[in-house]
Amino acid sequence: MATIPATGARTGEQFLDGLRGDAREIWMNGERITHPLEHPGLEAAARSVARAFDLQHEHADEMLYPSEKTGQPVNVSHTIPRSREDLERRRRSFELTAAMSGGMMGRTPDYLNVTFACFAGASSVWARRGNEQGAANLVAYHELMRDCDLSTTHSIMNPQVDRTKPEAEQAMGQVALHKVGETENFITVRGARMLATLGPFADDLNVYPGSDIRPQDGRYALAFAVPMGTPGLKLICRDTYARQRPAFDYPLSSRFDEMDCVVIFDDVDVPKERVFLDGDTVGYSEVISDTGWRGHITHQAFTRAYVKLSFALGLGHTIANMTGVVRFDHIQEKLGQIWNMAELTRSALVSAEAGARLDEHGVFYPDDRPMLALRGEMPKWLPRCHELLQLIGGGGFMCTPSEADMQGPLRELIDTYYQAAGGDAERRIRLFRLAWDYVGSELGSRSELYERFYLSDSWRMTAVAYQIADKSFPESLVEQFLHD
Ligand SMILES: Cc1cc2nc3c(=O)[nH]c(=O)nc-3n(C[C@H](O)[C@H](O)[C@H](O)COP(=O)(O)OP(=O)(O)OC[C@H]3O[C@@H](n4cnc5c(N)ncnc54)[C@H](O)[C@@H]3O)c2cc1C
């Protein structure tokens with residue numbers, strides 16, 4: 001099993017080297033993948049993840065800080081924030097990482113870095129009901145992630161066997177991930193989880209709670225981390241959406257397919273020092289509700305969403321100017337809708353930071369109210385951008401000869417007949433191909449699905465926002481008229 005040395009912030013090359021040499025079992029289309037660089041469907045995205053590692057060195061002032069343990073520079077997404085400035089710095093780092101892909105890569109390593117920094121900052125929640133060792137393991141793991149600069153994936157949902165039943169009652173309880181044995185040094189787990197985005201590009205897999213669990217289902221209440229090369233761990237990839245075509249043809253698909261996998265635990269031994277929770281069904285929901293995870297993860301997620309909305313606005317604005325439709329007021333209104341979404345997201349982030357406060361764990365916690373409101377809306381807003389871009393671009397998305405066409409005998413005709421008010425034929429074709437990769441290619445469609453579901457669905461999240469909202473002011477406004 002490969003071991004990543006604790007060198008602090010890694011370069012892209014060090015990250016790619018770190019994926020070599022373990023016995024990982026990643027499968028795609030019947031083929032076992034030894035290293036993502038050796039698979040044409042994964043190579044480009046591996047280089048993009050590597051780019052995220054290089055980025056932290058290029059922006060060291062903004063993205064690195066000295067590790068509390070080793071003093072070496074490490075990524076600020078590992079910070080346990082103690083001040084508003086820590087939050088602002090962390091957001092800037094999220095923004096730089098997201099901008100690299102126009103927000104198309106949702107699961108760059110900063111996503112889980114924030115999660116585990118949040119968990120470690122509230123380790124007393126994990127320690128409840130006698131789980132002091134699990135909490136200590138979690139704090140040590142957060143330090144390992146930070147000081148070894150790990151790339152990790154996570155898998156928190158059980159498969160869709162029958163969503164109307166508890167895990168233990170679906171398929172005789174066999175499918176959902178559960179514990180089947182224990183020795184002095186290991187627990188053994190079996191079952192499956194969906195999904196693990198970034199799986200082929202991860203050093204470790206993290207498992208932590210994703211839903212509530214019944215008191216009698218303790219064997220399903222698990223949180224742990226294992227290296228990807230752990231025997232029995234198998235990841236099955238969906239089809240690759242990485243087009244092995246020039247960047248001209250598919251500017252996004254040729255770079256940013258972060259991949260989604262189903263994870264099968266075929267009797268996996270998890271070392272006890274990597275177990276954070278084992279059997280505590282109450283703790284299983286408390287680590288999500290009481291650690292501040294909601295506010296911290298949405299700080300990363302909606303910074304990326306702000307970048308992606310801005311990218312959508314840039315696409316719509318450039319297309320509308322390219323074809324002249326920007327002069328129509330209903331097109332301006334559509335562009336305005338995208339701007340509204342981006343601006344409300346930016347405002348929510350500013351508001352969350354402005355209203356942040358020290359919580360009971362001594363961690364600076366973003367005001368989660370604007371984030372909870374966005375958590376219901378964002379899964380509708382980003383798909384709506386796809387629709388708005390289609391309405392702005394019309395059939396232009398289909399007027400897109402490939403790079404091979406551009407280099408062929410028809411080039412002169414293409415230059416004449418594909419020109420536009422706002423640019424020559426090549427610029428117009430490049431732009432529409434880029435926008436199609438955002439809204440319509442396989443990667444674009446996957447991206448829309450991702451936005452709808454990666455933080456659970458919009459409907460249930462809106463209901464949760466309502467349930468936990470402070471309703472005292474609205475109630476008081478009504479009450480004052482009910483007592484005359
Ligand atoms: C592209 C992509 C990448 C992802 N990456 C990851 C990842 O890296 N790690 C990870 O852990 N997860 C990941 N997820 C999974 C994500 O967490 C789940 O998709 C999400 O939790 C929703 O669950 P589900 O997809 O099983 O849908 P379901 O829960 O099966 O929902 C399907 C439909 O049924 C409705 N429904 C289901 N149950 C109920 C209910 N009880 N009450 C009312 N309505 C209900 C839903 O609203 C929805 O409309 C990813 C998902 C996608 C699409």
Side-chain angles (χ1 to χ4, degrees), residues 28-29 41-42 44-45 48-49 98 101-108 111-112 153-163 192-202 210-211 235-243 250-263 297-298 300-312 315-316 337-338 341-342 345 374-391 393 397 433-464:
M28 193 199 301
N29 197 22
L42 297 172
S48 292
V49 180
S101 68
M104 296 295 286
M105 292 186 102
R107 291 282 162 77
T108 41
Y111 183 92
L112 281 164
T153 181
H154 74 307
S155 196
I156 63 175
M157 299 302 295
N158 287 306
Q160 292 171 311
V161 178
D162 182 346
R163 285 284 188 248
R193 284 266 170 131
M194 64 173 273
L195 291 159
T197 301
L198 211 76
F201 317 110
S211 55
L235 272 73
I236 303 178
C237 302
R238 59 160 164 74
D239 286 359
T240 177
Y241 303 149
R243 295 300 195 113
Y250 288 94
L252 303 175
S253 304
S254 61
R255 295 179 171 102
F256 301 128
D257 181 9
E258 59 188 352
M259 186 46 74
D260 310 293
C261 309
V262 167
V263 187
I297 197 58
T298 49
Q300 189 275 353
F302 297 145
T303 303
R304 180 193 62 85
Y306 166 68
V307 170
K308 197 171 178 195
L309 287 165
S310 302
F311 186 35
L315 288 170
Q337 281 190 48
I338 306 180
M341 296 182 235
T345 304
L374 278 189
R375 204 167 161 194
E377 294 309 303
M378 199 60 75
K380 297 177 194 149
W381 284 359
L382 280 160
R384 172 78 175 135
C385 283
H386 286 230
E387 186 183 9
L388 290 167
L389 287 174
Q390 287 190 21
L391 295 173
F397 291 106
R433 291 200 78 103
L434 174 64
W436 182 247
D437 221 359
Y438 184 97
V439 301
S441 65
E442 283 180 308
L443 188 81
S445 304
R446 178 267 175 198
S447 164
E448 184 177 333
L449 189 75
Y450 179 82
E451 303 300 352
R452 288 188 198 279
F453 284 112
Y454 81 99
L455 276 178
S456 188
D457 67 56
S458 161
W459 310 279
R460 278 180 284 178
M461 289 305 104
T462 305
V464 168

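Values in this document were obtained by computation on a predicted structure and should not be read as measured data.
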Where do G440 and S445 come nearest, in terms of heavy atoms and distance?
-> O-OG, 3.8 Å
Are the side chain of E448 and the backbone of V439 linked by a donor-acceptor contact shorter than 3.5 Å?
-> no
Who pairs with S441 by side-chain hydrogen bond (donor to acceptor under 3.5 Å, both in side chains), at least two apart in sequence or on another chain?
-> D437
Y250 and R255: side chain donor to acceptor below 3.5 Å = no
Compare all side-chain heavy atoms of M194 with those of Q160 and state whether any distance is below 4.5 angstrom.
-> yes
Check whether more than 12 heavy atoms from other residues, nucleotides or ligands sit under 6.0 Å from atom CG of N29, and answer yes or no.
-> no
Indicate the atoms forming the closest heavy-atom contact of L443 with S253, along with that distance.
-> CB-OG, 3.5 Å
Could you tell me whether the side chain of V262 reaches within less than 4.5 Å of the side chain of R193, counting heavy atoms only?
-> no
CZ/R375 to OG1/T462 distance, rounded to the nearest 0.5 angstrom?
-> 10.0 Å
Drop me the distance from Y450's OH to L382's CG, to the nearest 0.5 angstrom.
-> 11.0 Å
Can you list the residues that meet the ring-ring contact (aromatic ring centres under 6.0 Å, His included) rule with Y438, with sequence neighbours excluded?
-> F311, H386
For salt bridge (charged side-chain N to carboxylate O under 4.0 Å, His left out), just list the numbers for D257 and R238, CA-CA rounded to whole Å, side-chain angles, deciding distance to a tenth of an Å, and then say yes or no.
-> CA-CA 11 Å; D257 181 9; R238 59 160 164 74; 2.7 Å; yes
Rounded to the nearest 0.5 angstrom, the OG1-CG distance for T153 and L235 is 7.0 Å
So do the side chains of L42 and M259 get within less than 4.5 Å of each other, counting heavy atoms only?
-> yes
Taking atom CD of Q300 and atom CG of L112, what is their separation to the nearest 0.5 Å?
-> 9.0 Å
Worked check of salt bridge (charged side-chain N to carboxylate O under 4.0 Å, His left out) between R446 and E442 = CA-CA 6 Å; R446 178 267 175 198; E442 283 180 308; over 6 Å; no
Heavy-atom distance under 4.5 Å between the side chains of H154 and R107, does that happen here?
-> yes
Are L455 and M461 side-chain neighbours, meaning at least one heavy-atom pair lies under 4.5 Å?
-> no
Would you say the side chain of R384 lies within less than 4.5 Å of the side chain of M341, judging by non-hydrogen atoms?
-> yes
Are the side chains of T197 and Y111 in touch, meaning some heavy atoms are under 4.5 Å apart?
-> no
Heavy-atom pair of closest approach, residues S48 and M105 | CB-SD, 4.0 Å
Within the side chain of R304, is there an N or O that forms a donor-acceptor pair under 3.5 Å with the backbone of G103?
-> yes
Shortest non-hydrogen contact from E451 toward K308 | OE2-NZ, 2.7 Å
In Å and rounded to the nearest 0.5 Å, what is the CZ to CD1 distance from F302 to I297?
-> 10.0 Å
For S155 and V263, what are the C-alpha separation, side-chain angles and deciding distance, and is it a side chain to side chain contact (heavy atoms under 4.5 Å, CB included)?
-> CA-CA 8 Å; S155 196; V263 187; 3.8 Å; yes
CG of D260 to CG of L198: how many Å apart, nearest 0.5 Å?
-> 9.5 Å
Taking all non-hydrogen atoms of both residues, which atom of L374 and which atom of W381 are closest, and how far apart?
-> CD2-CZ3, 3.5 Å
Please examine the side chains of C385 and L309, heavy atoms only from C-beta on, and report whether any two atoms are closer than 4.5 Å.
-> yes
Heavy-atom closest pair, residues P379 and R452 | CB-O, 3.7 Å
Please confirm whether R243 makes a cation-pi placement over F256, using NZ or CZ under 6.0 Å from the six-membered ring centre and within 45° of the ring normal.
-> no
